[in-house]
Amino acid sequence: MAIIAPSLLSANFLHLESACEMINNSDAEWFHLDVMDGRFVPNISFGIPIIAAVRKATQKICDVHLMIEEPEKFTQVFKDAGADVLTVHVEACNHLHRNIQQIKSLGMKAGVAINPHTPLEALNEIIGFADLICVMSVNPGFGGQQFIHATLQKIERLKNKIIQSGAQTLIEVDGGVTLENAANIVAAGADVLVAGNTVFNSQHPAETIRLLRNI
Ligand code: DX5
Ligand code: ZN
């Protein structure tokens, strides 16, 4: 059974409180919070005040996905806002090992996200240090995009690398997860499924979360 992390990016921002309540009362264990800076990705989403507000609305794990340049400048700020998991992009970090240590030293779990075009080899030296690898299955920046099928093989290869290295690193898959493809994604090795559009544009979001979780 995978951990489900609904992405608030697809929620109705005028009704964030009810979106939080829905997730609180659902089988989802994590909240996925997408921060975009308009530089690392061609879109701007939300930032620190929203995360701090969501933090107050839930006891669940707040999984913050930073799609920003120079994320190391904001590690403390996101800790203070209430992040439990802080994920930075391998493509955005010149000193990834240092960034991971910085995140962990503040008591958060450290995640590393990898874009579709980036080879897994970019993670070779840090797999044992990261708590989570977020495999992007779309090009980051927008919700509601189509899952890139080649990601399945990438997840399988990453799973093997993690097992071979003896690490406990979780694999999170982010982008285009649906009720139709979730079983294959979990079979490939995913531990955490992010789902935005699939959850928030469904008739019964909590039921959709339950179905995803039981896949
Ligand atoms: C994309 C974000 C995702 C996004 C997923 O850049 O990182 O977390 O919200 O949305 P869906 O599930 O709609 O692809
Ligand atoms: Zn995300």
Side-chain angles (χ1 to χ4, degrees), residues 1-7 9 27-35 60-67 71 83-93 96-97 99-101 103-104 108-141 143 145-199 209 211-215:
M1 244 190 262
I3 291 170
I4 307 304
S7 166
L9 192 63
D27 290 340
E29 289 166 74
W30 291 15
F31 278 58
H32 186 83
L33 299 158
D34 288 302
V35 179
K60 297 196 179 192
I61 301 283
C62 285
D63 168 36
V64 176
H65 177 192
L66 297 183
M67 285 159 275
D84 299 299
V85 181
L86 193 64
T87 296
V88 296
H89 266 264
V90 59
E91 301 86 3
C93 295
L96 183 56
H97 180 271
N99 298 355
I100 291 171
Q101 301 301 78
I103 292 167
K104 291 184 13 172
M108 296 178 283
K109 299 283 185 204
V112 177
I114 181 164
N115 278 338
H117 78 278
T118 306
L120 283 180
E121 284 61 39
L123 303 175
N124 277 355
E125 310 304 325
I126 57 90
I127 278 184
F129 297 99
D131 297 298
L132 172 147
I133 304 293
C134 175
V135 179
M136 293 307 303
S137 39
V138 298
N139 289 294
Q145 301 182 82
Q146 207 180 355
F147 184 83
I148 298 170
H149 191 73
T151 314
L152 288 175
Q153 216 218 22
K154 197 174 187 183
I155 300 165
E156 279 172 17
R157 284 188 290 124
L158 176 59
K159 191 73 170 185
N160 287 334
K161 270 178 188 281
I162 291 172
I163 291 169
Q164 274 164 23
S165 73
Q168 300 293 314
T169 320
L170 294 175
I171 300 180
E172 178 177 67
V173 176
D174 187 3
V177 174
T178 65
L179 287 170
E180 288 71 40
N181 63 21
N184 286 338
I185 298 169
V186 172
D191 303 293
V192 184
L193 298 178
V194 175
N197 185 55
T198 292
V199 167
I209 291 170
L211 292 171
L212 282 171
R213 177 154 171 81
N214 291 326
I215 253 154

**OP:** Could you walk me through whether Trp30 and Asp84 pass the side-chain contact (heavy atoms from CB on, under 4.5 Å) test, one step at a time?
**Re:** CA-CA 10 Å; Trp30 291 15; Asp84 299 299; over 6 Å; no

Is there a side-chain contact between [X] and [Y] (heavy atoms, below 4.5 Å)?
X: Ile61; Y: Glu29; value: no
X: Lys154; Y: Met136; value: no
X: Asn139; Y: Ile148; value: yes
X: Glu91; Y: Ile114; value: yes

Any sub-3.5 Å donor-acceptor pair from [X]'s side-chain atoms to [Y]'s backbone N or O?
X: Thr198; Y: Val177; value: yes
X: Asp27; Y: Asn214; value: no
X: Asp131; Y: Gly111; value: no
X: Asn181; Y: Thr178; value: yes

Spacing of [atom1] belonging to [X] relative to [atom2] belonging to [Y], to within rounding of 0.5 Å:
X: Leu33; Y: Ser7; atom1: CG; atom2: OG; result: 7.5 Å
X: Leu123; Y: Ile133; atom1: CG; atom2: CD1; result: 4.5 Å
X: Thr87; Y: Ile100; atom1: OG1; atom2: CD1; result: 10.0 Å
X: Gln168; Y: Ile162; atom1: CD; atom2: CD1; result: 10.0 Å

List the atom of [X], the atom of [Y], and the distance in Å for their closest heavy-atom pair.
X: Ala167; Y: Gly128; answer: CB-CA, 4.2 Å
X: Pro71; Y: Leu66; answer: CB-CD1, 4.0 Å
X: Ile209; Y: Ala28; answer: CG2-N, 3.5 Å
X: Phe129; Y: Gln101; answer: CD2-OE1, 4.2 Å
X: Asn115; Y: His89; answer: OD1-CE1, 3.1 Å
X: Pro6; Y: Ile4; answer: CD-O, 3.5 Å

Subject >> Member of Ile127, Leu158, Ile155 meeting the side chain to side chain contact (heavy atoms under 4.5 Å, CB included) criterion with Leu120 >> reply: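 For Leu120, the side chain to side chain contact (heavy atoms under 4.5 Å, CB included) test succeeds with only one of Ile127, Leu158, Ile155, which is Leu158.
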
Subject >> Partner of Ile126 by side chain to side chain contact (heavy atoms under 4.5 Å, CB included), out of Val112, Thr169, Val90 >> reply: Val112

**OP:** State whether a side-chain donor-acceptor pair under 3.5 Å links Asp63 with His65.
**Re:** no

Original post:
Please, which pairs that meet salt bridge (Lys or Arg N to Asp or Glu O under 4.0 Å) have at least one residue in residues 171-194, sequence neighbours excluded?
Top reply: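 Those involving residues 171-194 are Lys159-Asp191.
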
